[in-house]
Enquirer: 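Supplied in structure tokens, the structure appears directly below.
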Amino acid sequence: MNKLIPRQVLIQDSFWSHRLRINAEKAIFHQWQMLESSGCIDNFRIACGEQEGFREGWFFADSDAYKWLDAAAWVYALNVQHSTFDIRSLKSHMDDFIALLARTQMKDGYLFTYNQVHFPDSRWDNLMIEHELYCHGHLIEACVSHYEATGEASALNIARRAADLLVMEFLEGTLGRTSGHEEIEIALLRLYQVTGRWHYLELARQFLELRGRIHPFSALIFLQNERVNVRNQIVKAMRQVYLDDHPDYASFQLPANNHAIIPRTARLRWQLSALSGKYFQMHTPIRKQTVPVGHAVRFTYLETALAMLYRQDADPTLLSTLQKAWERMVTRRMYITGGIGSLPELEGFGRDYELDPEIAYAETCAALGSLFWNWEMVLITGDACYSDLFEWQLYNAAAVGMGLGGDTYLYNNPLLSRGGIMRRVWFQVPCCPSNLSRTWASLGKYIFSSQANQLWVHQYIGCQAEINLDSPVKIDLQSGFPWDGKVRIVLYPASVMDFTVHLRIPSWAGDFHVCINGDPFPTQQPGSPSRSKETPASGYDPRLAWFLPIRRVWSPGDILEVEFDLQFTLRRASPRLRGHQNKIALTRGPLVFCLESKDNPGVDILADCLDLQHPLSLSNNPALLGGTDVITGRTTSGKDITFIPYFLWANRGESQMTVWVNV
Ligand code: FUB
Ligand code: ZN
């Protein structure tokens, strides 16, 4: 299938338009300000010698600025014609930053402020831990996005120079090593897609194929870890000297981290995972990686890159590995919210069925990585389960990452909190905010795909689009999602045209009806692909989704209407999940609901039981949380109880919250 670029789709949607506006008007400016005040942008100024100061932040700090650029490019391109905010100031931040990158980039294409400032004589020293290739990857991705969004070549040239250096060093040179945090592979594959330069594809392939082939890995990681410790100490000492010499130096004060429950064994498990290579997905070659392990963001970026590679090579072993890993994740290693990564410290996957709702890490970036992976998978297979999981994670595990105002965020996303969790304006490791912003800013690209005279509708997000089938077709899609299940699609082929529209029938849909120009259209599920019978432990099964093909000769103005029944669903987890017995999670349409103490004074949301005999009722509260549906029920002790969508929790200060409710 062919994908679109976001510029082909103009989102106009009752749910998303408002959120994308917050992203464009607030989040992106807030993030820039945080990148400035935390020293992240100054790091580039210091690296290129234009400013005196101390380089601040983790070795991967550059990547947060690159994800910001990625987001800013889409925000700019999609709003430039009808912006209601100060788009010129966004453009000037963006252009100034690109110019700064060009000045910071070394003559041979190298750009990594950590080494440039702290260790100018060292390069490619610690690929497993220090994120040098990861940062180059986000640089390249941001520049490709900027090019796709604006059509300008300024940033793309920076990406090409960086990638050409990598080709020279790693593909043509002798540096047969790969990155400890996947990302560079996605970037090189995207750069290959826009430039057609074959070397980028080959280098991505080489980086991927090297996984699981570096022996003995435990010795390598032990040494690299020792080396990082030494270099960290050096940086710390240099910082102390700088502080002593500059008593007025005011460094940015980070907000406190959220309270987190860290099991006693977490650190040991992280160390064992690192030593075995699983943490980095370095334990076995890529075609054998059928189980999601290790750091969850790394894992999803690896899967995304492998799926992108499959689209080039069509290697059937690779596809079956990807499918097995996906099944294993969905059936045993994913929360009902679509969150992945159940262990703190490791920031990654636990064992099968190890899905404690309170310890849950479920990093926002891991949900985003899964979106990227699922998107590639549906393009390959045309199997609706991937678009379904995309939708579920988009509305739950990912959307929860940004607060209502766009200027506060959640990094890890448990499904139960006894208090102590608040959205924060920034983090010590601020990887999630700009990752979420770039995904929202480019959301348009995930709605449709096409191939010859076939059109797939993956997401029901209101928009106008123009897609090239055999000839161009304009589309006007209106949707009530996620609150109501009515969808109206008006198709405008240039003249009458025979093509097929594939509508995703969501896994959660109860009854649904399809009409064409007001006449009912008979619906029947075509044979579904064979797959394992194992029921997902979380209670959510994306594999129940399917595509309904509608082939006919369409005339301009034909109207396709669908109405999905958004019923309440009380989901139960597998008995294999410890602590989930006698509990339900309430969902409606693609939304997971939760109880937050703010809405339930007088109820002990963690102890009281929902009365299953009492009917649930739905209402809309325009004054609550920017306008939301709420579901009310009764406890067995006769108290009213109110559920809100999970993605909206933690917007009103500290509270208690639970997704799984006693029954
Ligand atoms: O290490 C870079 C990014 O920061 C990872 O993807 C996140 O999990 C966080 O550790
Ligand atoms: Zn993150």
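Every number for a ligand or one of its atoms is a count from 1 in the order of the listing. Values in this document were obtained by computation on a predicted structure and should not be read as measured data.
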Enquirer: Under 4.0 Å from a heavy atom of H131: which atoms of ligand 1 are those, numbered in the order shown and with their elements?
Expert: 1 (O), 2 (C)
Enquirer: Tell me if the CZ atom of F252 is crowded by more than 12 foreign heavy atoms within 6.0 Å.
Expert: yes
Enquirer: Enumerate the atoms of ligand 1 whose separation from the nearest heavy atom of V297 is less than 4.0 angstrom.
Expert: 6 (O), 8 (O)
Enquirer: Under 4.0 Å from a heavy atom of C431: give me the atoms of ligand 1 that qualify, with their elements.
Expert: 4 (O), 7 (C), 9 (C)
Enquirer: Testing Y279, F280, Y134, Y301 one by one against H295 for a ring pair (Phe, Tyr, Trp, His ring centres under 6.0 Å), which residue passes?
Expert: Y279
Enquirer: If you consider just the N/O/S atoms, which atom of E363 is the closest one to the Zn ion (ligand 2)?
Expert: OE2
Enquirer: Applying side-chain contact (heavy atoms from CB on, under 4.5 Å), run through W68 and I41 and close with a yes or a no.
Expert: CA-CA 11 Å; W68 176 89; I41 306 299; over 6 Å; no
Enquirer: To the closest 0.5 Å, what do you measure between CD (Q289) and NZ (K278)?
Expert: 10.5 Å
Enquirer: If the cut-off is 4.0 Å to any non-hydrogen atom of V429, which atoms of ligand 1 fall inside it?
Expert: 4 (O), 9 (C)
Enquirer: Tell me: protein heavy atom nearest atom 5 (C) of ligand 1, and distance?
Expert: H181 NE2, 3.4 Å
Enquirer: Where does the angle between the aromatic ring planes of F349 and F299 fall among parallel (under 30°), tilted (30 to 60°) and perpendicular (over 60°)?
Expert: perpendicular
Enquirer: With side-chain contact (heavy atoms from CB on, under 4.5 Å) as the criterion, how do H131 and S63 come out once you've worked through the C-alpha distance, each side chain's angles and the decisive distance to 0.1 Å?
Expert: CA-CA 9 Å; H131 291 58; S63 63; over 6 Å; no
Enquirer: For ligand 1, which part of R298 has a heavy atom less than 4.0 Å away: the side chain, the backbone, both, or neither?
Expert: neither
Enquirer: Check ligand 1 against Y134 and write out every atom of the ligand that is under 4.0 Å from a heavy-atom position of the residue.
Expert: 2 (C), 3 (C)
Enquirer: Students should be able to answer this: which protein heavy-atom is nearest to atom 10 (O) of ligand 1, and at what distance?
Expert: E347 OE1, 3.0 Å
Enquirer: Classify the contact between Y411 and ligand 1 as side chain, backbone, both or neither, using a heavy-atom distance cut-off of under 4.0 Å.
Expert: side chain
Enquirer: Locate the shortest heavy-atom distance separating V425 from H30; write the atom from each residue and the value.
Expert: O-NE2, 3.0 Å
Enquirer: Under a 4.0 angstrom heavy-atom cut-off, which atoms of ligand 1 come close to E363?
Expert: 7 (C), 8 (O)
Enquirer: Using only heavy-atom distances, determine whether the side chains of R424 and N258 contain a donor-acceptor pair under 3.5 Å.
Expert: yes
